[in-house]
There are 2 protein chains.
Amino acid sequence: MDKKQQILSAALRLFVANGFDGTPTAKIAIEAAVANGTLFYHYKTKEELIVALYNQLKEEQANYILPIITGSGFITDKFRDIFIHSVHWALSNPDKFYYIQQFNFSPHLAVVPKQVLKQQTIIYENFIEEGIKRKLLKQQDPELIIALFNGQVYGIYHYLTSAEFTPALREKTINESYEMVWDMMKYM
Amino acid sequence: MDKKQQILSAALRLFVANGFDGTPTAKIAIEAAVANGTLFYHYKTKEELIVALYNQLKEEQANYILPIITGSGFITDKFRDIFIHSVHWALSNPDKFYYIQQFNFSPHLAVVPKQVLKQQTIIYENFIEEGIKRKLLKQQDPELIIALFNGQVYGIYHYLTSAEFTPALREKTINESYEMVWDMMKYM
DNA sequence: TTATATTTAGACTGATTAATCAGTTTGTAA
DNA sequence: TTACAAACTGATTAATCAGTCTAAATATAA
């Protein structure tokens, strides 16, 4: 029914499989079971579609984590939850996670205003800042801690997708990795 | 003189600036001050050029770290050296580091045999394994430790390239980040 | 009902592009 | 000199692709 969503889903599948250059708009329309004109009716250019897809996925990713930050609970538990959830989101949505990386290392990133990108991390920043003030986290720039934290999610994603793991081993690895991440971030 | 190298250098500049799709082979030839046909004389297809460039950069990156591993010195000092050097290489060669990431999240990665990719990390693996056996590092899969280690390099690269830093602050940040990385990896 | 938005199919275009190819230059060695 | 291969040239080609256009159909809402 929702043709716009059909187009985005088809685009995600094809861009991940064949790259930006390797996927003609015509094929996206066919894969979405939509007329050629419909694609260009909703997205003026191919680039507009590429960026719209990125924004949707970033929002989806953020919405998956947001409830943890705003919810109740001990702050230290929240750190764990955020990490575990971030990794789980990436592993349950490998295409989406991959697309975001693919986009981040492409010239398309340049067309997203810096302000928009900044806005996406501001919620994390306030949260991390609180952890630093309470002397739970190392006394470093919150942005550095976020960058290293994201680096960890990136690292473990690569590790867990480089080979086959049983679900049990996967969970064990994620939990033990968090212990390592926590050793990295914690104050003492 | 060496036209092949001219082509690779030009390709690096243009691919990083405009992406794989955004750079016609014709432009690479012009930028390299070489005839169109010369490019295809050395590289049968555009893809072959893209992959050749990737392999060269990976080799260059490895050669920068290798002497540390094989050299003399305390193993714990080597861990620090490898981290610091890895970050420095990325920061001194942002184009090359960026290209490797761009390639890693592109369909071109699929054409590199897994065996070749494995071979690139085997030297690290033996080294890490020794650290684990000696109970200097946490008792985890060496590949996991390498993945998290690389995640850190990735994270700090993003942080240090997201804004301007004075050389002094940059070095301070790298050193302090290493302390955090070490807290993550060390046995106790 | 009427108007407005959305959708369809596919032919079309103008520009771009990867790759080719017939021939030229260069270095070297007989 | 001659011979030969490797390196190089750049105009040409055949194909592809993003985006347009048309005219009709269908849905949505005022």
Open item on the list: Measure NZ/A:K44 against P/D:dT20 and give the value in whole Å, please.
Closed with: 10 Å

Task: Separation of D:dA6 C1' from B:F40 CZ (nearest whole Å) - done: 19 Å

Task: Residue whose closest nucleotide on DNA chain D lies nearer the 5' end, A:T45 versus B:T38 - done: B:T38

Task: Atom-pair distance (OH on B:Y41; P on D:dA5), nearest Å - done: 12 Å

- [ ] Please report, rounded to the nearest Å, how far the P atom of C:dA9 is from the CG atom of A:L39.
- [x] 14 Å

- [ ] May I have the distance from B:F20 (atom CZ) to C:dA18 (atom P), rounded to whole angstrom?
- [x] 13 Å

Open item on the list: Which label fits B:F149 and B:F83: parallel for a plane angle under 30°, tilted from 30 to 60°, or perpendicular past 60°?
Closed with: perpendicular

Open item on the list: As a test of reading the structure: which of C:dT17, C:dT7, D:dG19 is closest to the side chain of B:P24, going by heavy atoms?
Closed with: C:dT17

Task: Out of D:dC8, C:dA18, C:dA11, whichever nucleotide has its closest atom nearest the side chain of B:K3 - done: D:dC8

Task: Interatomic distance, B:K46 NZ vs C:dT16 P [rounded to whole Å] - done: 15 Å

Open item on the list: Can you see whether A:H158 engages B:E143 through a side-chain donor-acceptor pair at a distance of less than 3.5 angstrom?
Closed with: no

TODO: Considering just the side-chain nitrogens and oxygens of B:H42, establish if one lies under 4.0 Å of OP1 or OP2 belonging to D:dA6.
DONE: no

Open item on the list: Distance check needed: C:dT6 P versus A:I7 CD1, whole Å only.
Closed with: 12 Å

Task: d(CD1, B:I30; P, D:dT9) in whole Å - done: 13 Å

Task: Side-chain H-bond candidate by donor/acceptor type, A:Y159 with B:D141, under 3.5 Å - done: yes

Task: A:T25 vs A:G37, nearer the 5' end of DNA chain D by closest nucleotide - done: A:T25

TODO: Indicate, with yes or no, if the rings of A:F20 and A:F15 have centres closer together than 6.0 Å.
DONE: yes

